[in-house]
Amino acid sequence: MFSLSLSPLSELSLLIYPIIKIHSSCGYSSSSSSSRRTTMTTSPPPPIQSNRVQSLEVDDDKKDFTQPLIARSSTFPRRRPSTLRSPLLRQRSFTRNISHAASETYLVELSFVKGNKGFVEINMNEIKDLYGEPRVGYRWIWRVVALCFYAMLLMPGFLQVAYYYFFSSQVRRSIVYGDQPRNRQVIELLVICSILISNRLPQIYISGFRPLIVFAFFLSRFDLYLPKNSDGPKPVLAFVTGGAWIIGYKAWGSLLGKQLAERDIIVACFDYRNFPQGTITDMVQDVLQGISFVCNNIVDYGGDPNRIYLMGQSAGAHISSCALLEQAVKESEGGSISWSVSQIKAYFGLSGGYNIPSLVEHLHRRGLYSSVFLSIMEGEKSLQHFSPEIRIQDPRICNAVAMLPQIILFHGTSDYSIPSDASRAFADALQKVGAKAELILYSGKTHTDLFIHDPLRGGKDDFFDYVVAFIHAGDKEALAKDAVAPPSPRLLPEFLLQLARQVSPF
């Protein structure tokens with residue numbers, strides 16, 4: 001048995017990682033697919049170039065560790081060297097089309113040798129030989145620049161939320177809920193930053209670095225936001241963040257968690273495997289496991305297991321709706337379950353997409369290229385299975401649809417990342433099959449207005465007020481407190497919000 005806690009500095013390094021990953025995901029283009037290969041050595045080779053990574057120290061004289069920490073291909077013999085075989089992808093039909101994001105993220109392998117130092121050996125010339133010169137489409141260049149400028153404009157508000165996230169006693173960070181490793185963020189961050197800044201890989205020296213600890217560090221986790229008032233069990237909101245299925249991170253829900261905790265609502269923000277660490281099946285399974293943990297353990301944190309609500313935003317809305325429907329199907333078929341759909345009192349979908357085939361071309365035009373998106377969704381044959389709007393119309397699962405809780409969908413009419421028609425079509429489909437569904441549209445709101453800009457603006461927030469009132473419905477004491485609660489404080493000047501809205505890449 002062992003325990004592991006993260007320092008605020010370690011958590012902060014994870015916060016900035018996904019912004020780097022957007023840049024790295026657009027990646028290297030392949031110039032010779034037949035020459036792709038990875039190399040893992042078990043003894044230090046003679047010097048090749050000065051720009052190599054060397055010496056990840058390991059203090060262990062008793063065991064052999066020869067498995068790669070970050071591997072790009074399986075360890076089975078290769079019959080076709082031209083094909084990149086990744087254990088993360090379940091559809092063999094599209095392994096040749098795995099995205100450049102996956103290729104770059106899995107550039108590094110670590111080997112641990114008995115009685116010696118583990119080391120990483122990567123040569124920049126070899127990288128160029130394998131993947132060609134770095135090449136980024138103009139849309140990605142613009143989006144990366146826009147994202148950096150967008151983050152800079154919102155930074156004063158983000159810093160206030162970050163202070164609460166790292167130092168408030170009401171936030172329980174990184175509670176382990178699953179046994180699956182998430183993205184190896186720290187190692188990737190060092191490698192990607194070094195490549196982008198200096199065109200070389202870093203030297204890494206970490207004493208006492210053991211594979212067991214590395215594995216434990218990246219287990220599935222979630223953050224818990226607790227109210228200051230602990231008199232009696234509190235309602236719980238399980239929240240799944242967005243991030244284009246690539247850069248989702250649990251801390252993205254910190255602003256929502258802070259505000260709802262101030263209204264005596266516990267918020268659990270789940271982490272889940274991103275692409276290319278996992279595909280959509282892995283993401284759904286992680287969320288299912290997280291919901292199961294909350295349903296079975298939230299009472300230990302002061303939560304009411306009979307008042308649990310589920311919310312997802314953007315890609316998180318898609319993943320969480322898939323998870324909810326998957327659990328309903330399993331339960332209706334009499335399968336073994338660790339939690340029941342009846343424990344979820346309502347589902348809130350914020351700016352989500354629920355018909356994946358209809359989004360492929362739209363997202364491609366927005367910069368999430370179809371080759372990457374199809375890899376995330378495990379190929380064209382899986383698109384309908386991971387489209388709740390399509391799947392609920394299958395008469396074979398009508399019993400599962402009848403088990404779904406009330407579903408409320410929120411969307412801004414000026415959302416260009418995922419058009420509001422996506423929520424409208426899903427609400428219509430739900431109502432046609434007899435499910436309880438409601439659609440709330442916000443005129444002129446963009447993809448980030450409801451989730452980021454309006455909370456940073458403070459004051460009256462229609463979306464936030466609706467969610468709080470819905471969760472507190474039937475609780476006269478809580479509603480009375482809400483009626484006299486002070487408005488949320490402004491965290492950012494209006495002119496910065498307006499500038500950020502203009503340059504937002506979302």
Side-chain angles (χ1 to χ4, degrees), residues 1-8 10-11 14 164-182 215-241 249-273 285-312 316 320 323-324 327 331 336-348 405 467-468 470-472 474-475 477-478 481:
M1 294 293 294
F2 60 91
S3 61
L4 182 66
S5 60
L6 304 182
S7 66
S10 299
E11 286 279 0
L14 303 187
Y164 168 83
Y165 178 76
F166 289 118
F167 301 108
S168 173
S169 60
Q170 307 308 123
V171 182
R172 305 285 181 86
R173 299 192 313 275
S174 298
I175 301 172
V176 175
Y177 74 82
D179 58 357
Q180 292 300 320
R182 196 190 179 276
F215 177 77
F217 187 87
F218 299 107
L219 294 178
S220 300
R221 298 171 180 269
F222 73 95
D223 295 329
L224 205 58
Y225 300 83
L226 302 173
K228 291 182 179 179
N229 180 10
S230 58
D231 57 344
K234 307 296 183 183
V236 182
L237 179 73
F239 181 67
V240 184
T241 65
Y249 184 55
K250 55 189 174 65
W252 297 166
S254 54
L255 180 55
L256 178 67
K258 176 180 182 296
Q259 292 183 324
L260 289 177
E262 292 171 352
R263 296 295 187 92
D264 283 350
I265 299 171
I266 295 176
V267 180
C269 292
F270 300 126
D271 224 349
Y272 55 86
R273 282 169 285 178
Q285 288 302 317
D286 288 348
V287 170
L288 283 169
Q289 200 168 13
I291 298 172
S292 175
F293 184 94
V294 167
C295 289
N296 291 288
N297 297 278
I298 199 61
V299 67
D300 298 334
Y301 300 92
D304 187 347
N306 297 314
R307 288 189 293 167
I308 298 176
Y309 301 81
L310 178 63
M311 177 187 286
S320 55
L324 186 63
Q327 183 71 9
E331 189 172 348
S336 176
I337 58 174
S338 59
W339 62 279
S340 173
V341 173
S342 62
Q343 292 178 263
I344 307 299
K345 298 307 175 185
Y347 171 78
F348 305 114
V467 172
V468 172
F470 189 97
I471 293 176
H472 283 161
D475 187 339
E477 183 179 350
K481 290 182 179 180

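A heavy-atom distance below 4.5 Å is found between the side chains of Val294 and Val236. Residues Leu310 and Leu237 are not in side-chain contact: their nearest non-hydrogen atoms beyond the backbone lie 4.5 Å or more apart. Counting only heavy atoms from C-beta outward, the side chains of Ile308 and Cys295 approach each other to under 4.5 Å. Side chains of Lys345 and Pro405 form no contact here, defined as non-hydrogen atoms less than 4.5 Å apart. In this structure, Ile344 and Trp339 have side chains that are in contact, with non-hydrogen atoms separated by less than 4.5 Å. Here the side chains of Gln327 and Ile291 are not in contact, with every heavy-atom distance at 4.5 Å or above.
Phe293 pairs in a ring pair (Phe, Tyr, Trp, His ring centres under 6.0 Å) with only one of the listed residues (Phe222, Tyr177, Phe270), which is Phe222. Residue Asp223 forms a salt bridge (charged side-chain N to carboxylate O under 4.0 Å, His left out) with just one option from Arg172, Arg173, Lys250, and that option is Lys250.
Arg307 places no side-chain N or O within donor-acceptor distance of the main-chain N or O of Gln343, the cut-off being under 3.5 Å. A donor-acceptor pair under 3.5 Å is absent between the side-chain atoms of Ser292 and the main chain of Leu288, judged by distance alone. Proximity of a side-chain donor or acceptor of Asn296 to a complementary backbone N or O of Ser338 within less than 3.5 Å is detected.
Distance CD1/Ile471 to CD1/Ile266: 11.5 Å, rounded to 0.5 Å. Atom CG of Leu256 and atom SG of Cys269 lie 6.5 Å apart (nearest 0.5 Å). Rounding to the nearest 0.5 angstrom, the gap separating the CD1 atom in Ile265 from the CG atom in Leu226 is 13.0 Å. One finds the OH atom of Tyr309 at 16.0 Å from the OH atom of Tyr347 (value rounded to the nearest 0.5 Å). Rounding to the nearest 0.5 angstrom, the gap separating the CH2 atom in Trp252 from the CG atom in Asp271 is 10.0 Å.
In this structure Glu331 satisfies the side chain to side chain contact (heavy atoms under 4.5 Å, CB included) test together with Ile337, Ser340, Val341, Met403, sequence neighbours excluded. Remark: Lys234 pairs with Asp231, Asp264 by the salt bridge (Lys or Arg N to Asp or Glu O under 4.0 Å) rule, at least two apart or across chains. For Asn306, there are no side-chain hydrogen bond (donor to acceptor under 3.5 Å, both in side chains) partners, not counting sequence neighbours. Applying the side chain to side chain contact (heavy atoms under 4.5 Å, CB included) criterion to Ser230, with sequence neighbours excluded, gives no partner residue. Under the rule for a side chain to side chain contact (heavy atoms under 4.5 Å, CB included), the partners of Glu477 that lie at least two apart in sequence or sit in another chain are Asp475, Lys481. For Asp300, there are no salt bridge (Lys or Arg N to Asp or Glu O under 4.0 Å) partners at least two apart in sequence or on another chain.
Using a 3.5 Å distance cut-off with no hydrogens or angles, the side chains of Ser254 and Tyr164 do not pair a donor with an acceptor.
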(request) Could you check Asp286 against Arg273 for salt bridge (charged side-chain N to carboxylate O under 4.0 Å, His left out), going step by step and ending with a plain yes or no? (result) CA-CA 7 Å; Asp286 288 348; Arg273 282 169 285 178; 2.9 Å; yes
(request) I would like to know whether Thr241 and Tyr249 meet side-chain contact (heavy atoms from CB on, under 4.5 Å); could you show each step before the answer? (result) CA-CA 7 Å; Thr241 65; Tyr249 184 55; 5.5 Å; no
(request) Take Val267 and Lys258, measure what side-chain contact (heavy atoms from CB on, under 4.5 Å) needs, and give me the verdict at the end. (result) CA-CA 8 Å; Val267 180; Lys258 176 180 182 296; over 6 Å; no
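Pairing each heavy atom of Gly312 with each of Ser320, the nearest pair is CA-OG, 3.6 Å.
The aromatic ring centroids of Phe348 and Phe239 lie 6.0 Å or more from each other.
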